[in-house]
Amino acid sequence: MNGRKPKLVAPPGMCDTHMHFYDTLVPSAPGGPPLPGDFSVPMYRELQQRLGMSRVIVVQANAYQDDNRVMLD
């Protein structure tokens, strides 16, 4: 992120309808794709604030298959 505010302003109550969390301390499940890196809640909150989003739908990452530890944490 470059820290600059976006040119477009999000409408009030805007919802990010699909995002994932990743933690490299929790390995990818057998048969799952490799992890793209660490993407934590604090990192997402920073992005959410910068873009003016107030709601989010978190989706289970395919890399973890049916292991929901990262999403629940």
(message) Within the 4.5 Å heavy-atom criterion, are P11 and M14 side-chain neighbours or not?
(response) yes

(message) Any heavy-atom pair between the side chains of F21 and Y44 that's under 4.5 Å?
(response) yes

(request) Of all the heavy-atom pairs spanning A10 and G52, show the shortest one and how long it is. (result) CB-O, 3.9 Å

(message) If I compare all heavy atoms of T24 with all of G37, which pair ends up nearest, and what's the gap?
(response) CG2-C, 3.7 Å

(request) Would you indicate whether the side-chain heavy atoms of M43 and E46 approach each other to under 4.5 Å? (result) no

(message) According to a hydrophobic-cluster definition based on side-chain heavy atoms being under 4.5 Å apart (Ile, Leu, Val, Met, Phe, Trp, Tyr only), do V41 and L51 belong together?
(response) yes

(message) Test your reading of the model: is there a side-chain donor-acceptor pair from D23 to the backbone of V70, 3.5 Å cut-off?
(response) no

(message) Taking G13's backbone N and O only, do any of them form a donor-acceptor pair with R55's side chain (distance below 3.5 Å, no angle check)?
(response) yes

(message) Just so I know, are the side chains of V56 and Q48 near enough to count as touching, which here means a heavy-atom distance under 4.5 Å?
(response) yes

(request) Mind checking the CD-CG spacing from Q60 to N68? Nearest 0.5 Å is all I need. (result) 4.0 Å

(message) Can you confirm whether M71 sits close enough to Y22 that some side-chain heavy atom of one is under 4.5 Å from a side-chain heavy atom of the other?
(response) no

Donor-acceptor contacts under 3.5 Å from residues 25-34 side chains, at least two apart:
from	atom 1	to	atom 2	distance (Å)
S28	OG	P33	O	2.6
S28	OG	A63	O	3.1

(request) Using the salt bridge (charged side-chain N to carboxylate O under 4.0 Å, His left out) rule, collect all pairs that involve residues 59-73, keeping only residues at least two apart or in two chains. (result) D67-R69

(message) Quick check for you: to the nearest 0.5 Å, what is the distance between Y64 atom OH and H20 atom NE2?
(response) 11.0 Å

(message) Please tell me whether L47 and V59 are part of a single hydrophobic cluster in this structure, the criterion being side-chain heavy atoms less than 4.5 Å apart.
(response) no

(message) Atom CG of residue position L72 - does it have more than 12 heavy atoms of other residues, nucleotides or ligands inside 6.0 Å?
(response) yes

